[in-house]
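Taking it in order: structure first as structure tokens, then the write-up.
The chain is numbered in sequence order, starting from 1. Keep in mind that the numbers below use all heavy atoms, side chains included, and drop hydrogens, waters and symmetry copies.
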Amino acid sequence: MSVTREEAIERLLAHYQEPYRCAERPAAASPELAATAFMHLVSDRKILSLAKVGIVESDDFVYIYSVEELTPEVFDRCCTAALTDALKRVDPNPNHNFSLVSVFFICDKVAPETTAAVKKMKYHKDYENPEHGWVDLRLAAVEVGGGTRCANPMGKVLLNIYKASVN
């Protein structure tokens, strides 16, 4: 069964309902940005699963782009915009453990040269004292209707999320 880009995005947002804050067509964003889902998680830091010694904070910033054809130019522009926005939202305080920037491209067609660019794209940033933690970029591009599916090494989990949510 083939789905449209809009149906795929609705199903992905349904997956990201809790504990994420979801927004469709965010204001002042690029026309390709269909939705965002942001999560800030705070949990206990324990030693040997017994003694509580503080808290740990982690984030996941999800950007879902809807494009007719994913070209290298659109890929670069959208990826840069998502990274820039997410890095502004990261708070590398002493309790910060990690932040993930997850970028989905839901497309009708993915240009072959873009497939290679998605697979090669990497971003990692370590924060030094007094800040803590790290940031990684996860990317996935999917042709609705069962076509091309590609991801960078960190983004393979996004393909699993897509498969579980949409298919």
Glu57 and Asn93 side chains, donor-acceptor separation under 3.5 Å:
yes

May I ask whether Leu33 and Leu137 are part of the same hydrophobic cluster, defined by side-chain heavy atoms of I, L, V, M, F, W, Y residues being less than 4.5 angstrom apart, directly or through others?
yes

Evaluate Tyr65 against Ile106 for side-chain contact (heavy atoms from CB on, under 4.5 Å), listing each step before the verdict.
CA-CA 6 Å; Tyr65 289 93; Ile106 309 301; over 6 Å; no

Answer yes if Val144 and Val62 sit in the same cluster of Ile, Leu, Val, Met, Phe, Trp and Tyr residues linked by side chain heavy atoms under 4.5 Å apart, and no otherwise.
yes

Distance, nearest 0.5 Å, that separates CD of Glu10 from OG1 of Thr4:
7.5 Å

Under the side-chain contact (heavy atoms from CB on, under 4.5 Å) rule, what do Met121 and Tyr123 come out as? Steps first, then yes or no, please.
CA-CA 7 Å; Met121 180 71 161; Tyr123 181 87; 5.7 Å; no

Gap separating the CG atom of Asp60 from the NE2 atom of His40, nearest 0.5 angstrom:
12.5 Å

Determine yes or no for a side-chain-to-main-chain donor-acceptor pair under 3.5 angstrom, with Asn152 supplying the side chain and Leu139 the backbone.
yes

Can you check whether Leu70's main-chain N or O pairs, donor with acceptor, with Thr114's side chain at less than 3.5 Å?
yes

Does NZ in Lys119 sit with more than 12 non-hydrogen atoms of other residues, nucleotides or ligands closer than 6.0 Å?
no

Glu69 versus Cys107: any side-chain heavy-atom pair under 4.5 Å?
no

Compute the centroid of each ring, for Phe38 and then for Tyr63, and state whether the two points are separated by less than 6.0 Å.
yes

How close do Lys122 and Pro153 get, counting heavy atoms only, and between which atoms?
CE-CG, 4.3 Å

Rounding to 0.5 Å, atoms NZ (Lys156) and SG (Cys150) come to a distance of 9.5 Å

Between Val110 and Glu143, the two heavy atoms sitting closest are N-OE2, 2.8 Å

From CA spacing to verdict: side-chain contact (heavy atoms from CB on, under 4.5 Å), Asn95, Val56
CA-CA 5 Å; Asn95 296 321; Val56 175; over 6 Å; no

Taking the side chain as C-beta and beyond, is there a heavy-atom pair between Ile64 and Leu13 under 4.5 Å?
yes

If I compare all heavy atoms of Asp91 with all of His96, which pair ends up nearest, and what's the gap?
O-CB, 3.6 Å

Can you hop from Met154 to Val135 via hydrophobic side chains spaced under 4.5 Å?
no

Where Cys79 and Phe105 come nearest, the two heavy atoms and their spacing:
N-CZ, 4.3 Å

What is the distance from atom CE of Met39 to atom OG of Ser99, rounded to the nearest 0.5 Å?
9.0 Å

May I ask you to say whether Arg5 pairs ionically with Asp108, meaning some side-chain N is under 4.0 Å from a carboxylate O?
yes

Under 3.5 Å side-chain donor-acceptor pair for Arg138 and Ser102:
yes

Euclidean distance, Arg89 CZ relative to Thr36 OG1, rounded to 0.5 Å
7.0 Å

Can you confirm whether more than 12 heavy atoms, excluding those of Glu68, are under 6.0 Å from its CD atom?
no

Audit row: Val166, Val3, side-chain contact (heavy atoms from CB on, under 4.5 Å) steps and yes/no:
CA-CA 8 Å; Val166 178; Val3 297; 3.8 Å; yes

Does Ala140 have any side chain to side chain contact (heavy atoms under 4.5 Å, CB included) partners at least two apart in sequence or in another chain, and if so, which?
Phe104, Ala151, Leu158, Leu159

Just verifying a value: how many Å separate Asp126 CG and Phe98 CZ, rounded to the nearest 0.5 Å?
14.0 Å

Can you see which heavy atom on Val103 is nearest to which on Ala82, and at what distance?
CG2-CB, 3.8 Å

Are Trp134 and Leu83 joined in one hydrophobic group, where the rule is that I, L, V, M, F, W and Y side chains link up if heavy atoms are under 4.5 Å apart?
no

Side-chain contact, heavy-atom cut-off 4.5 Å: Thr148 with Thr115?
yes

